[in-house]
Amino acid sequence: MNNSKILLSIPCLYGVEHTKECIDSIAFKENIDVYLIDNGAEDTVKKLLNDYENRCPNVKVLHNPKNIFVNPAINQGMQYFLENKEYDYFISINSDLILYPNWDEVVRKRLAVNPDEICMPTIINDKLFSNVSINSDVVEGTVINGGVNGVFMIMNRKQVELVNPIPEEMKIWFGDNHIFDILRGVGYKTIMSDNFLGYHYVSQNVQKVKGISEMIEEDKVMWESVGIPRILEVIEQNKHTI
């Protein structure tokens, strides 16, 4: 796992300050390429993404002319990963999550021990991480059945193939539910580790989307009519994946 190549994808829309902090916390790592998705972003965010692409050889930007919403944007990241075979692991992260500086060492060591583990960060209330000092050794971790604030999802190639695509009838909500429910349903464990740390901003991305309340209600309907049946179908077809 130490030499495995990772593609890290971030859908970006609003909030230039927290978007910059997020990218800075993950972008300058060995064997990690960053796929920034300009999801019809506001001008200041768009300028920021272009700046990273222009000066960082491991950063690529995909420009969507308008906001296609978060779940379709995650699908774009997964599709790029599947099309580019040099990558071993795919990470999707929200633009309002900042990771502790040694997060990649922690993740690589964990996945060297168990390459099928779905590891998740522990969210703390200090974005400067000034009150913590941690090493990257593998610790036991806690099996969890929920998601993570400021969504962070890491998958190997086999796992991405299982969950791709998130049904695009669901635009904003339930994308992480779709991924985690399928992976747990076929037997993968999701583990939260005490030495894998992150800080989550209270994002305004969703609140700024026009017509968000109506879209959320539509997503709830689509989750019941499209999302859950697809999850059950994928699980049934892949009972013996692991």
Side-chain angles (χ1 to χ4, degrees), residues 1-11 22 26-27 29 31-37 58 60 62 70-95 97 99 103-123 138 141-168 170 173-193 196 198 227 230-235 237-242:
M1 173 62 193
N2 286 341
N3 294 320
S4 296
K5 194 162 184 180
I6 297 172
L7 178 70
L8 198 155
S9 178
I10 312 176
C22 171
I26 54 88
K29 303 285 187 176
N31 285 330
I32 295 180
D33 287 350
V34 180
Y35 192 55
L36 300 174
I37 299 177
N58 68 321
K60 177 179 176 61
L62 171 67
V70 64
N71 291 334
I74 293 173
N75 284 344
Q76 288 181 323
M78 289 195 290
Q79 189 60 40
Y80 184 82
F81 168 81
L82 292 173
E83 291 170 354
N84 291 271
K85 304 301 183 183
E86 70 267 30
Y87 299 113
D88 302 291
Y89 285 87
F90 171 78
I91 296 174
S92 180
I93 181 174
N94 285 5
S95 65
L97 183 64
L99 296 180
W103 71 270
D104 57 316
E105 298 174 18
V106 174
V107 168
R108 288 182 184 278
K109 286 185 177 181
R110 296 198 68 86
L111 293 176
V113 175
N114 184 357
D116 289 335
E117 177 182 288
I118 315 296
C119 49
M120 300 179 174
T122 296
I123 304 302
V138 178
T142 303
V143 177
I144 63 170
N145 294 311
V148 177
N149 290 336
V151 177
F152 176 102
M153 297 178 286
I154 181 168
M155 294 171 277
N156 61 31
R157 187 162 291 273
K158 180 169 58 176
Q159 292 161 345
V160 174
E161 290 171 349
L162 270 176
V163 303
N164 180 63
I166 302 168
E168 297 203 4
M170 301 181 307
W173 276 20
F174 303 113
D176 54 334
N177 301 67
H178 166 86
I179 289 173
F180 291 137
D181 285 359
I182 288 176
L183 296 177
R184 290 168 182 149
V186 300
Y188 293 111
K189 291 182 179 180
T190 47
I191 305 291
M192 183 172 286
S193 172
F196 177 20
R230 170 171 158 71
I231 288 169
L232 296 176
E233 179 183 3
V234 173
I235 293 172
Q237 293 173 349
N238 295 275
K239 284 182 177 179
H240 306 295
T241 296
I242 62 173

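In what follows, residues are counted from 1 in the order of the sequence shown.
Counting heavy atoms from C-beta outward, Leu36 and Leu62 have side chains that stay 4.5 Å or more apart. Side-chain atoms of Lys29 and Ile6, non-hydrogen and from C-beta on, never get closer than 4.5 Å to each other. Residues Asn31 and Arg108 form a side-chain contact, since some pair of their non-hydrogen atoms from C-beta on lies under 4.5 Å apart. By the 4.5 Å heavy-atom criterion applied to side chains, Met78 and Val163 are counted as neighbours. Residues Leu111 and Ile154 meet the side-chain proximity criterion, which asks for heavy atoms closer than 4.5 Å.
Rounding to the nearest 0.5 Å places CD1 of Ile191 at 7.5 Å from OG1 of Thr142. Between the OG1 atom of Thr190 and the CD1 atom of Ile144 there is a distance of 5.0 Å, given to the nearest 0.5 Å. Considering CD1 of Ile26 and CH2 of Trp103, their distance stands at 6.5 Å, rounded to 0.5 Å. Here the straight-line distance linking atom CD of Gln237 with atom CG of Leu232 works out to 11.0 Å at 0.5 Å rounding. Distance CZ/Arg230 to CG/Asp181: 12.5 Å, rounded to 0.5 Å. Between the OH atom of Tyr89 and the CD1 atom of Ile32 there is a distance of 12.5 Å, given to the nearest 0.5 Å.
Results of the side-chain contact (heavy atoms from CB on, under 4.5 Å) test with Ile179 over Ile182, Leu183, Asp176 single out Leu183 as the only residue that passes.
No donor-acceptor distance shorter than 3.5 angstrom exists from the side chain of Ser92 to the backbone of Met153, with no hydrogens or angles considered. Under a 3.5 Å cut-off, the side chain of Thr122 and the backbone N or O of Ser193 do form a donor-acceptor pair. Within the 3.5 Å criterion, the main-chain N or O of Asn145 finds a donor-acceptor partner in the side chain of Arg184.
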Q: For the pair Leu97 and Val151, evaluate side chain to side chain contact (heavy atoms under 4.5 Å, CB included) and give the outcome as yes or no after the intermediate values.
A: CA-CA 8 Å; Leu97 183 64; Val151 177; over 6 Å; no
Q: Step by step, work out the side chain to side chain contact (heavy atoms under 4.5 Å, CB included) result for Leu7 and Asn84.
A: CA-CA 9 Å; Leu7 178 70; Asn84 291 271; over 6 Å; no
**Q.** Verdict with reasoning, Leu99 to Ile93, per side chain to side chain contact (heavy atoms under 4.5 Å, CB included)
**A.** CA-CA 10 Å; Leu99 296 180; Ile93 181 174; 4.1 Å; yes
(Q) Could you walk me through whether Asn71 and His178 satisfy the side chain to side chain contact (heavy atoms under 4.5 Å, CB included) test, starting with their C-alpha distance in whole Å, then the side-chain angles of each, then the deciding distance to 0.1 Å, before giving a yes or no? (A) CA-CA 10 Å; Asn71 291 334; His178 166 86; over 6 Å; no
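Of all heavy-atom pairs between Pro72 and Met170, the closest is CD-O, 4.3 Å. Contact record, Pro121 with Gly198: CB-N, 4.2 Å, taken as the closest heavy-atom pair. Across Gly77 and Ser9, no two heavy atoms sit closer than the pair CA-OG, 3.7 Å. Contact between Ala73 and Ile37 at its shortest, heavy atoms only, is O-CD1, 3.1 Å. The minimum heavy-atom distance linking Phe90 with Ile74 is given by the pair CZ-O, 4.4 Å. Scanning all heavy atoms of the two residues, the minimum distance from Pro11 to Ser95 falls at O-CB, 3.8 Å.
Counting heavy atoms of neighbouring residues, nucleotides and ligands inside a 6.0 Å radius, atom NZ of Lys239 does not exceed 12 of them. Shown here is Lys60, whose NZ atom has no more than 12 heavy atoms of other residues, nucleotides or ligands within 6.0 Å.
For Asp116 and Asn156, the side-chain atoms include at least one donor-acceptor pair closer than 3.5 Å.
A distance below 6.0 Å separates the ring centres of Phe196 and Phe152.
A cation-pi arrangement is found for Arg157 relative to Phe81, the charged atom lying closer than 6.0 Å to the ring centre and inside a 45° cone about the ring normal.
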